[in-house]
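Remember, it's 1-based here, ligands and their atoms both numbered in the order they're listed.
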Amino acid sequence: MINQELTTEKQNAKSNILTSESIPHTPRYVANWPGLIEAYRPYLPVTETTPVITLQEGNTPLIPVPSIAAEIGRGVQVYVKYDGLNPTGSFKDRGMTMAISKAKEEGAEAVICASTGNTSAAAAAYALRAGMKAFVLIPDGYVALGKLAQALVYGAEVLAIKGNFDQALDIVRALAKNYPVTLVNSVNPYRLEGQKTAAFEVVDKLGNAPDWLCIPVGNAGNITAYWMGFCQYHQIGKCDRLPRMMGFQAAGSAPLVVGHPVAHPDTLATAIRIGNPANWEKAISVEQASQGSFNAVTDEEILHAYRLLGREGVFCEPASAASVAGLLKLKEQVKDNATIVCVLTGNGLKDPDSAMANTDNHFKSGIEPNLEVVAHTMGF
Ligand code: F0G
């Protein structure tokens, strides 16, 4: 019976993905990606009556980063899962297409979240598409400008509190209990359901699970979601192994590493400036089940990885670079010929201030608009 269900599930999964075979003259991989709910419908808690709210999120590239692999050597292959290429520029879109579709299905008229920036941008965009109001609480002064701009452009009601993310999350949890607003932080189980599809995509591309999955950790929703995805695919035989889940926190905000909440989290990677992760217990279970570990990386290590990625043509936000920083920190522990995926959770364009402050490349200004002067400045 179970086998039969799985076979049908596989067939459904196949028929739902539009491939180059089903669309004549469409180059491979350019075929009409329908968004992750349609692509992975059999694996998600949706029904025919669920309104699918999508911006065609998902299907993000898995990019080899040879210069980072070369720092490790020994035949190790390193890829980055560049989830900054989602419609609002972060992995949050994966969770939000599910959370907002289900909220709409349940008749919600407004959603709320606390956010270090990316969740607020995604919640605002998807709520708008669904015709719902979005309220977002952010820590005043600690959200990258691009993310704040997004939330405003997508029409959210943005409330900046004189406090940190953890305080904002406590407030929105209470608000969602007492008022007619649906909570769309990662404590909403549909968020994790959507986000697990990133693990499906990794396996679909690699043909198996990687040896290590390196991932930045804040509230610990995404590491939990990836693990759910790998386990689900493993159960139905899409991969024959499971990765070690390697979570990385910024040293000034590393509650899962120090083993207790951090009252005043501090890091330039503002996206993961979180002292009391909402998914704490789940994160510990993932660590144990996958034989993974949580480790801290300093802001300097994060910035080093951020610059290395820039030199590979990959622009991520500082928090995302924590995954690569962590890998480099633990490189001695990587076994020969391992395949490693580092998750790049958000796009570098969201945080131009960090980019300008932390590049060692500078532009030349005040140049006369004259051919010879420009050529001379170029070194010709
Ligand atoms: N990377 C980025 C770019 C993020 O925005 C976040 C979380 C994380 C990593 C950590 O993911 O919380 O699932 O462990 N950002 C949330 C927000 C908190 O509000 O945008 P996590």
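- For atom 12 (O) of ligand 1, the closest non-hydrogen atom of the protein is Asn219 N, 2.7 Å.
- Taking the six-membered ring for Trp, Phe248 and Phe294 have ring centres at least 6.0 Å apart.
- Here Ile223 has no heavy atoms under 4.0 Å from ligand 1, in either its backbone or its side chain.
- With respect to Asp140 and Lys162, no salt bridge is recorded, no charged nitrogen being found less than 4.0 Å from a carboxylate O.
- Salt-bridge formation is detected for the pair Asp211/Lys335: a Lys NZ or Arg NE/NH1/NH2 atom is positioned less than 4.0 Å from an Asp or Glu carboxylate oxygen.
- At a 3.5 angstrom cut-off on N or O pairs, Asn222 counts as close to ligand 1.
- Counting only heavy atoms of the protein, atom 8 (C) of ligand 1 lies nearest to Ile272 CG2, 3.6 Å.
- Not a single heavy atom of Thr224 sits under 4.0 Å from any atom of ligand 1.
- Each of the following atoms of ligand 1 lies closer than 4.0 Å to a heavy atom of Val217: 14 (O).
- For the residue pair Asp351/Tyr306, the side-chain donor-acceptor check at 3.5 Å is not satisfied.
- Polar contact with ligand 1: present for Gly221 (N/O pair, distance under 3.5 Å).
- Under 4.0 Å from ligand 1, not a single heavy atom of Asn279 appears.
- Checked by atom type, the side-chain pair Gln77/Asn337 shows no donor-acceptor distance below 3.5 Å.
- What sits closest to atom 4 (C) of ligand 1 on the protein, heavy atoms only, is Ala271 CB, 3.6 Å.
- With ring centers used as reference points, Tyr233 lies under 6.0 Å from Tyr43.
- The shortest contact between atom 10 (C) of ligand 1 and any protein heavy atom is with Gly218 N, 3.5 Å.
- For atom 20 (O) of ligand 1, the nearest non-hydrogen atom of the protein is Thr119 N, 2.8 Å.
- At a 4.0 Å heavy-atom cut-off, ligand 1 touches Ala220 through the backbone alone.
- In terms of protein heavy atoms, atom 1 (N) of ligand 1 is closest to Thr345 OG1, 2.6 Å.
- Protein heavy atom closest to atom 5 (O) of ligand 1, with residue, atom name and distance, is Asn118 ND2, 2.8 Å.
- Residue-to-ligand polar distances place Thr116 within reach of ligand 1: an N/O pair is separated by less than 3.5 Å.
- Under the 4.0 Å criterion applied to side-chain N and carboxylate O atoms, Arg273 and Asp166 are not assigned as salt-bridge partners.
- Closest to atom 11 (O) of ligand 1, if we only count protein heavy atoms, is Phe91 CZ, 3.5 Å.
- Side-chain contact, Ser320 with Thr345: a donor N or O sits under 3.5 Å from an acceptor N or O.
- Residue Glu317 has at least one heavy-atom neighbour below 4.0 Å for each of these atoms of ligand 1: 3 (C).
- Comment: Lys329 engages Glu301 in a salt bridge, judged by a side-chain N to carboxylate O separation of less than 4.0 angstrom.
- Sorted by first and then second residue, the side-chain hydrogen bond (donor to acceptor under 3.5 Å, both in side chains) pairs involving residues 182-202 (not counting sequence neighbours) are Lys81-Glu201, Arg94-Thr197, Arg94-Glu201, Ser186-Asn279, Arg191-Gln195, Glu193-Lys196, Gln195-Asn222, Lys196-Gln232.
- Side-chain contact, Asn361 with Thr359: no donor N or O sits under 3.5 Å from an acceptor N or O.
- Between the side chains of Glu287 and Ser290, no donor-acceptor pair of N or O atoms lies under 3.5 Å.
- Close contacts of ligand 1 with Ile274, meaning ligand atoms under 4.0 Å from a residue heavy atom, involve 18 (C).
- Remark: ligand 1 and Lys92 share an N or O pair separated by less than 3.5 Å (distance only, no angle test).
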